[in-house]
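Counting from 1, the numbers follow the sequence of the chain as shown.
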Amino acid sequence: MTKLGNFVLVLHTHLPYVVHHGKWPHGMEWLFEAASETYIPLLNTFNDLLAEGIRPRLTISLTPVLAEQLASPAFVEAFREFLAEEIIRADKDIAYFEATPAEANLLPLGRFWKQFYTLIHEDFEYRYHADIMGAFRDLQDEGVLDVITCGATHGYFPLLGTDESIQAQVRLAKAVHEKHLGEPPRGIWLPECAYRPRYAWKSPVPSALGEEPFMRKGVEEILEENDLEYFIVDSSLVEAGKFIPMYLGRFEALRGLMTQWVRERSPAATQPAHSVYEVYLVKSSTETHHRPAAAFARDVETSMQVWSSEQGYPGGEWYLDFHKKHHLSGHRYWRVTSIHADLGLKTLYEPHRIEAELERDAEHFVQSVRDALVRFRDTHGATGTLTAPFDSELFGHWWFEGPLFLKKVFEKLANEPDIEVKHCAGVMDDEPPQHVIALPEGSWGAGGNHYVWLNDEVAWMWQHVYEDELLLRSLVRRAGAEPAPDTGRVLKQMVRELLLVEASDWPFLISTKSAVDYATRRFIEHHHNFSQLAEMAGKSLSGDVLSKEDEQFLDLLEKKNFLFDADLIHLDWYR
C-alpha cells in the first residue's frame, strides 16, 4: 500500500521549580499530581504497548527544570509520602461512605481511588525503581521516545533581554539533558512555542536596556549554533496568521486578555501561507552558515479535538470531571455530565462506561488524522507529516483518561499501514526537509503573540529581568576568566536565581489568574536573592571576605534552589 503520510505526536513535559517552595495548594502538590496522574500513567502506556508488540514512537520534551526535580532525593521521599497520604484519604472515604447511607453510592469509587494510588505506588517503587527519569531514558534507549529539551527554566526566549541569556538557557539545557538522558538532544521545545526572527529589537518596557533598538539574532540562529536540529511552532506562524488559542478554553482570565489585546494591538503583518503538513527549514538571516533548524507546525484540526475542554474529547459527558472534589479527601467522584453543568449538577462517575467512550474518540481521532493526510495528498500530490503537539499534563491530569486514549490511538494506528508513526528525529532522518522559509514572530499563547507573558499585569516583571541580566553580565566581566572560589560560588548561584527569575511560568500564572500570589511571591523572592548575591559578589570582587551571615545565606540558597550542578554552569556564557 502506498504511504499516505506521517503522524508525529509531540508531548511537552514541564513544571516550574517547586521543590522547597510550598506544598499545597501551590508548590510540590503540582509535581506530585503530575507524577501520579500523568508521568507514571504515560510510562505505563508506552511500556504496555511495547509488551503488546506495538512500538509507539513519539517525541517528548522533558524540561531541564523538571528533570532536575524528578531526579532529586527530595522529590522521591516527598512523593512516597504523598502516595501514602492519598491511600489513607481513600481509606477514610471508604469508611465514611460505609457509615453514611446518603453517600453509600460513592463506596465503589472510594475503592477505585485506593486501587489507583496503590498501583501507582507499586509502579513507582517496583516497575520504575523510584526513578522516573531513568524510566524515560529506558524508553529513549528502546527507540520509542525521541526526548528533546527546552529552555533550562522555560525562559520566554523572544522577550529575554540579551542573546547571552537565551544562549545560557539553551546551553545549560543541553548539559542537563545529557546528564539525565545520556546523550545530547537533537531537538528543542521552544518555551511556549515562542519564536522571534532576527531584527533590530528594543526593550518592550522602560528598562535598563534603554530605548534604542539593537540587532538580535533570530532564535533559530541560536539553536543552530548549539547543534539543535528542530523545534515546534504554532500553526499560525506557518499559515499566515490563522490563530486558534491553545489555553483559552482552560483559563477564563485569558478571555479578558484576548479582548484587551484585540482592542490595543493591530494585527501583525501576514506572511506567505505554507502548509502545516510539511516540515520546513527556518532562516531569518543570510549572515549565518549553519544548516538551518527545522520547524514542525501544529495541526489545529486534530489538536483541538484533544485540547479543547468544550468541543474536544475531554469534555465528553462520561469522563471524570476535573473540578468537583469530595470535601473529605479531595478525590473526584463525579463525571463531566455536561460542560455547562454547575458543580452541584454533576452526576456519579462510572468507570465501566469509559471503555466505549475511549474507543469512539480514539477511532474519531485516527480518522481525523487520515482525512487530513488524504486532503494534503490530494491537494499537493505528496505525502505529508501531521504534527500533534500537546502539554503532557493534559493526559491524565486535566483529562484523567488521557493516557488510555493515547494507548488506543497507537493501537489503532498500528492497523493503519499507510500512516507511519514517527517521532521528529525519525522524520529528520528519513525525509530531511528541503524548503527554507522565514517565520514571523509569535507563540501558541492567546493572540498568537507574547501578550500572555507581557501585558499590563506583568510588565513590571520584565523591568527586573532586564536589570538582573545586565547586572550579572557586568559582574561576570569584572570577575574575569578565573574568579576566586568564593566569587565563583556566588556568581553561579546568581545564575541559578536569574534563570528562575526568567521562568515564563510566573507571568503565565499571573495572566491566567491561576496562582497570582504564589507566582508574584516566587518572582520577587528569586529577584531578591539575586540582588543580595550581587551585593556579596561586589564585595568579594573588591577583596572583602564573605561574612558569616553571607556564607550562611549562600549555603541556604545552594540547598534550597539546588538546580543545575555547578560544573554545568559556565560563567563565560554571560560575558
Quiz item: How are the rings of Phe405 and Phe365 set to each other: parallel, tilted or perpendicular (split at 30° and 60°)?
Solution: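 Because their plane-to-plane angle is over 60°, the rings of Phe405 and Phe365 count as perpendicular.
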Quiz item: What orientation do Tyr195 and Phe231 show, parallel under 30°, tilted 30 to 60°, or perpendicular over 60°?
Solution: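 Tyr195 vs Phe231 ring planes: parallel.
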Rounded distance [0.5 Å steps], [atom1] in [X] versus [atom2] in [Y]:
X	Y	atom1	atom2	answer
Leu43	Phe136	CG	CZ	4.0 Å
His12	Ser392	NE2	OG	8.0 Å
Thr13	Ile132	OG1	CD1	11.5 Å
Thr153	Tyr17	OG1	OH	12.5 Å
Lys492	Leu568	NZ	CG	8.5 Å
Cys424	Ile60	SG	CD1	12.0 Å

Practice problem: Applying side-chain hydrogen bond (donor to acceptor under 3.5 Å, both in side chains), run through Asp391 and His14 and close with a yes or a no. | Solution: CA-CA 8 Å; Asp391 282 344; His14 168 67; over 6 Å; no
Self-check item: Audit row: Asn455, His450, side-chain hydrogen bond (donor to acceptor under 3.5 Å, both in side chains) steps and yes/no
Solution: CA-CA 8 Å; Asn455 54 71; His450 310 318; over 6 Å; no
Exercise. Heavy atoms only: give me the nearest Ala78-Phe32 pair and the separation to one decimal.
Key: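 Heavy atoms of Ala78 and Phe32 come nearest at CB-CZ, 3.4 Å.
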Assess whether a salt bridge exists between [X] and [Y], defined as any Lys/Arg side-chain N lying under 4.0 Å from an Asp/Glu carboxylate O.
X	Y	result
Lys3	Glu431	yes
Lys174	Glu183	no
Asp227	Arg171	no
Arg575	Glu164	no
Lys179	Asp565	yes
Arg377	Asp418	no
Glu301	Arg375	yes

Kindly write out the residues that satisfy ring-ring contact (aromatic ring centres under 6.0 Å, His included) with [X], not counting sequence neighbours, or none if the list is empty.
X	value
Phe410	none
Phe79	Phe75, Phe124
Phe322	His397, Trp398
Phe530	none

Quiz prompt | Residue list, side chain to side chain donor-acceptor pair (under 3.5 Å) with Thr59, at least two apart or on another chain | solution =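 Partners of Thr59 under the side chain to side chain donor-acceptor pair (under 3.5 Å) test: Asp146.
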Just checking, is any N or O donor in the side chain of [X] or [Y] under 3.5 Å from an acceptor N or O on the other one?
X	Y	result
Arg127	Asn44	yes
Glu441	Asn449	no
Ser285	Arg198	yes
Asn226	Gln167	yes

Practice problem: Step by step, work out the salt bridge (charged side-chain N to carboxylate O under 4.0 Å, His left out) result for Lys217 and Asp163. | Solution: CA-CA 7 Å; Lys217 292 180 179 179; Asp163 288 349; 5.6 Å; no
Quiz item: After noting the C-alpha distance and the side-chain angles of Glu469 and Arg473, does the key distance pass the salt bridge (charged side-chain N to carboxylate O under 4.0 Å, His left out) rule?
Solution: CA-CA 6 Å; Glu469 288 177 325; Arg473 183 167 68 184; over 6 Å; no
Practice problem: Only counting residues at least two apart or in another chain, list the ones meeting side chain to side chain contact (heavy atoms under 4.5 Å, CB included) with Pro292. | Solution: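 Pro292: side chain to side chain contact (heavy atoms under 4.5 Å, CB included) contacts with Glu224, Leu281, Lys283.
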Quiz item: Between Val495, Leu172, Val170, which is the residue that forms a side-chain contact (heavy atoms from CB on, under 4.5 Å) with Trp573?
Solution: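 Between Trp573 and the candidates, side-chain contact (heavy atoms from CB on, under 4.5 Å) is satisfied uniquely by Leu172.
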